[in-house]
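A short write-up of the structure that comes next.
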Amino acid sequence: MEIPSKYSPAEVEGKWYQYWMEHKLFHSEPDQREPYTIVIPPPNVTGVLHMGHMLNNTIQDILVRRARMQGKNALWVPGTDHASIATEAKVVGKLAAEGIKKSDLTREEFLRHAWAWTDEHGGIILQQLRRLGASCDWDRTAFTMDEKRSESVIKVFCDLYDKGLIYRGVRMVNWDPKALTALSDEEVIYKEEHSHLFYLKYYLADQADVHPTGAEGEVVHRDDKGYYAVVATTRPETIMGDTAMCINPADPKNRWLSGHRVIVPLVGREIPVIEDDYVDIEFGTGCLKVTPAHDVNDYMLGEKYHLPSIDIFNDNGTLSEAAGLYVGMDRFEVRKQITRDLKEAGLLEKMEDYTNKVGYSERTNVVIEPKLSMQWFLKMEHLAKIALEPVENGTLKFYPAKYINTYRHWLENIKDWCISRQLWWGHQIPAWYLPEGGYVVAENIEQAVEKANRKRKEKACPCGCDAMPPLQAKDLRRDEDALDTWFSSWLWPISLFDGINNPGNEQIKYYYPTSDLVTGPDIIFFWVARMIMAGEEYMHDVPFRNVYFTGIVRDKLGRKMSKSLGNSPDPLALIDTYGADGVRMGMMLSAPAGNDILFDDALCEQGRNFNNKIWNAFRLIKGWEVDEKAAQGEAARVAVAWFGELLKKTVAEVDDLFSKYRLSEALMAVYKLFWDEFSAWYLEMVKPAYQQPIDPVTLHATLDYFEQLCLLLHPFMPFITEELWQNIQQREPGASIMTQRQPKVEAYDNDLIEKVEKLKGVVAGIRTIRLDKNIPNKTPLRLQVTGTETQDFPQVIAKMANVEAIENVPAKAADAASFLVGTTEYSVPLGNMIDKEEECRKMEAELQHLEGFRAGILKKLGNENFVSRAPAAVIEGERKKLSDTESKIRAINETLAAYRK
RNA sequence: GCGACGGUAGCUCAGCUGGUUUAGAGCGCUUGCUUGACAGGCAAGAGGUCACUGGUUCGAAUCCAGUCCGCCGCACCA
């Protein structure tokens with residue numbers, strides 16, 4: 001036998017991927033067919049494949065391959081994301097290892113290093129995707145920082161600025177002291193932390209004027225140094241930035257502080273006590289220290305009461321000159337030190353354990369510092385409104401739909417998007433500053449010069465004197481900042497088809513809106529929502545019709561996969577072990593949409609085993625000798641007719657499941673069809689006797705069924721199905737299963753399917769008897785049917801259970817073992833092999849069960865309310881159950897009586 | 001704190017617009033099998049008072065209310 005009994009994916013997968021590439025089977029161009037489009041969620045350009053990518057891209061490939069096999073013009077566009085913060089951090093790290101500091105480089109020098117890094121590591125991940133079998137149109141591979149995408153970003157920035165949606169201003173933003181850049185609200189992750197609440201003493205400045213009223217509820221603090229207020233804070237290191245203390249005017253505890261001034265501990269500065277009902281009376285002591293430069297809420301209080309703002313931190317999180325104390329020390333060091341110093345100075349009243357949530361940078365994992373700075377913002381009100389509508393009215397569907405709530409809530413509470421980053425790796429903001437102040441926003445320097453000069457003219461002296469000479473390019477200074485990465489990826493479904501630079505071109509007209517987006521719910525705000533905004537703003541249509549949210553891949557204990565835990569398998573090693581098809585199946589078996597998937601290697605093993613099963617089924621069929629003159633036997637005839645119907649039924653089922661994006665269930669349906677029905681039943685029914693030839697009709701039907709099964713499986717397991725499809729019969733050069741059509745949904749004969757189900761019950765019954773009585777398969781048995789019912793397909797039963805005769809008997813013989821299928825009693829005469837005691841025990845157990853069941857029905861039917869109120873059909877059903885049960889009971893009782901004679 | 005989702009066999013899940021023989025699947029488990037495609041296999045089995053408590057109903061895993069537990073999103077009182 002030339003085909004080995006074990007399937008080895010390694011030999012097959014590389015070969016066919018190359019074949020598909022050579023024949024350009026992934027490539028798509030607009031034509032008359034219906035398009036089916038997916039754009040890949042672009043992975044970080046310097047990233048490597050992890051399990052999340054595996055899941056995500058397996059799903060995309062399944063969808064795109066199936067669409068292709070439905071005759072659609074299917075396109076899956078690949079690409080990568082420049083990931084500004086992550087990539088810049090990597091480059092900075094690499095340079096640091098070489099002893100080069102970023103601050104010693106010019107922007108141009110740094111970018112040269114960054115591009116070199118990108119060229120070296122970029123696209124590794126796309127190469128890895130090929131191992132998985134991803135059928136992306138690689139000719140279209142894009143990068144968020146390539147020429148077309150960059151041009152799109154700049155155009156959109158200018159357009160939104162012209163529309164008045166982009167503005168520049170000083171705001172409190174989330175500052176990342178490690179990456180040294182501002183972040184958007186979405187890039188901050190809040191983590192619960194065990195820390196302390198510090199109660200600090202703020203002595204009153206004017207001790208002599210303090211006059212507690214003695215009113216009810218008043219809480220006065222006084223020691224040998226005088227009266228003081230107590231402020232509770234989690235951040236004692238920020239007291240150098242305090243410019244007020246705030247109490248609630250309605251708080252009886254602290255009324256006596258009203259109108260006074262207090263002294264900031266250690267610092268010695270006098271600050272006013274202000275009053276605002278923002279302060280929570282119940283929290284701490286009801287006294288709030290106000291640090292306008294370092295807390296969002298304090299900032300608002302500062303604005304409201306015109307308080308000075310003292311920025312005590314440098315950009316890297318160390319204390320600045322303005323702090324006066326601890327200058328140059330890191331903020332967390334200062335917290336420890338100042339705690340000691342306060343304690344020593346007797347200014348720390350007490351410390352309590354406290355749990356609060358602290359914001360961390362999503363990328364660098366350092367604690368975010370609220371910081372007042374000049375940034376660029378995108379107004380969200382209009383964009384949020386246009387993005388909500390298509391999701392609410394169902395133009396754009398989410399799977400699972402529960403994410404609509406999350407989406408709506410975010411859009412309804414959205415704040416303006418901080419889009420500037422103090423980074424070099426990214427799209428530089430197209431704003432140029434004039435020497436005398438002010439700026440212009442333009443697509444390039446030429447336009448900027450023109451706009452700048454126009455701006456000067458408008459401001460020129462009314463007398464007409466031309467005091468200011470025209471500006472030139474060298475006079476303008478471009479904004480140093482880059483844009484948030486997501487400000488380019490939100491255009492992805494449009495920019496991939498050049499729809500921003502070239503509105504209305506053939507490609508964008510044909511492929512937009514795309515069909516399905518497959519992504520994780522963790523980027524619903526970062527990316528999905530913003531793509532919908534951009535789509536509606538620039539295409540006046542949704543960017544995709546459906547969004548399939550995958551779950552997060554966790555290990556089998558439910559823990560997130562992470563490098564530090566070491567619980568994340570290497571996807572390529574998995575492919576080496578189980579084959580890409582095996583791994584794909586492993587991913588899919590456990591991946592209901594939206595639920596986290598608990599990944600276990602054992603699932604890939606199941607996938608690999610299934611591949612082996614398919615492989616061996618093919619070996620069997622291929623091993624058959626055909627006798628062209630042989631006539632089809634009856635068992636084979638029935639099997640062929642039956643499996644044809646079952647196949648149609650499953651095709652309909654799979655079609656339905658795909659329409660609901662229940663991919664793992666669709667795979668399971670085909671899996672069971674192949675393994676349980678085709679291999680375990682069909683092939684056994686048609687299999688010729690040992691060393692006998694097969695008839696041509698059955699062989700062709702079998703090959704046809706096998707081919708259809710391959711077609712159904714191909715989206716899930718592309719490699720093995722191509723390999724086998726190519727070997728079912730001689731194919732044209734360049735032909736591929738990829739371009740074949742999926743089996744069509746057709747009506748099927750359910751009656752036949754049910755008859756065979758019953759037949760299987762009979763076969764199983766006989767097999768059980770053989771097992772119980774230790775009767776080898778080789779020994780033929782006789783089957784008796786109690787009553788007059790004629791048995792369907794006796795030849796199949798004869799073949800599957802080695803039965804030599806089937807006959808009707810009026811009553812079960814005393815020496816026979818019996819079983820029930822439905823309401824029919826079957827028995828197998830065993831002569832002296834029967835153990836009457838054992839049989840009786842079994843029958844009594846069965847009898848007990850049936851009588852319990854009957855009692856239940858009788859109770860129901862005896863309930864007058866049920867009989868008078870339940871629908872007739874239900875009552876009829878119960879009556880049928882009753883009579884069926886009673887006839888079974890009667891049969892068993894008769895047999896028992898016969899045994900006991 | 002607000003909101004969403006979930007709690008069904010050892011594990012992962014389906015069923016949940018109430019009633020088709022007193023709950024299904026895959027994996028795992030148990031017991032037989034050197035059967036000629038496959039031990040990465042074949043055959044046969046065991047295993048669940050559907051989280052808990054009440055209610056609606058002739059009838060509840062399925063609908064309603066409450067409780068407990070889990071997970072996620074959002075917002076936070078320093």
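Throughout, protein chains are lettered first and strands after them, A, B, ... in sequence-line order, and every chain is numbered starting at 1.
Salt bridge absent: A:E193 and A:K357 never bring a charged side-chain N and a carboxylate O closer than 4.0 Å.
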B/S/- contact track for nucleotides 15-24 of chain B, protein heavy atom under 4.0 Å: S---B-BB--
Per-nucleotide protein contact string for nucleotides 38-45 of chain B, where B marks a base within reach and S marks sugar-phosphate only (heavy atoms under 4.0 Å, - for neither): B-BSSSSS
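Residues A:F283 and A:Y190 both approach RNA chain B. Their nearest nucleotides, taken by heavy-atom distance, put A:Y190 toward the 5′ side. Positionally, the nearest nucleotide of RNA chain B for A:L598 lies more toward the 5' end than for the other of A:L598 and A:Y671.
Remark: A:E412 pairs with no residue by the salt bridge (Lys or Arg N to Asp or Glu O under 4.0 Å) rule, at least two apart or across chains. Partners of A:E846 under the salt bridge (Lys or Arg N to Asp or Glu O under 4.0 Å) rule, at least two apart in sequence or in another chain, do not exist in this structure. Partners of A:K860 by salt bridge (Lys or Arg N to Asp or Glu O under 4.0 Å), not counting sequence neighbours, listed by chain and number: A:E878.
Contact annotation: A:Y278 side-chain N/O to B:rC76 OP1/OP2 distance is not under 4.0 Å.
Backbone-only contact: A:N297 has heavy atoms under 4.0 Å from sugar-phosphate atoms and none from a base. Across all strands shown, A:V290 has no heavy atoms under 4.0 Å from either base or sugar-phosphate atoms. Residue contacts for A:D676: at a heavy-atom cut-off of 4.0 Å it reaches the sugar-phosphate backbone alone, with no base atom in range. Residue contacts for A:F525: at a heavy-atom cut-off of 4.0 Å it reaches the sugar-phosphate backbone alone, with no base atom in range.
Atoms CZ (A:F706) and P (B:rA37) sit 15 Å apart, rounded to a whole Å. The distance between atom NE2 of A:H196 and atom P of B:rA78, rounded to the nearest whole Å, is 15 Å.
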Under the 3.5 Å Watson-Crick or G-U criterion, the dot-bracket string of RNA chain B, with | for inter-strand pairs: (((.((((.[[[[.)...(....]]]].(((((.......))))).....[[[[[..)....]]]]]))).)))....
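Atom name C1', nucleotides B:rU53 and B:rC11: the rounded distance is 28 Å, in whole Å.
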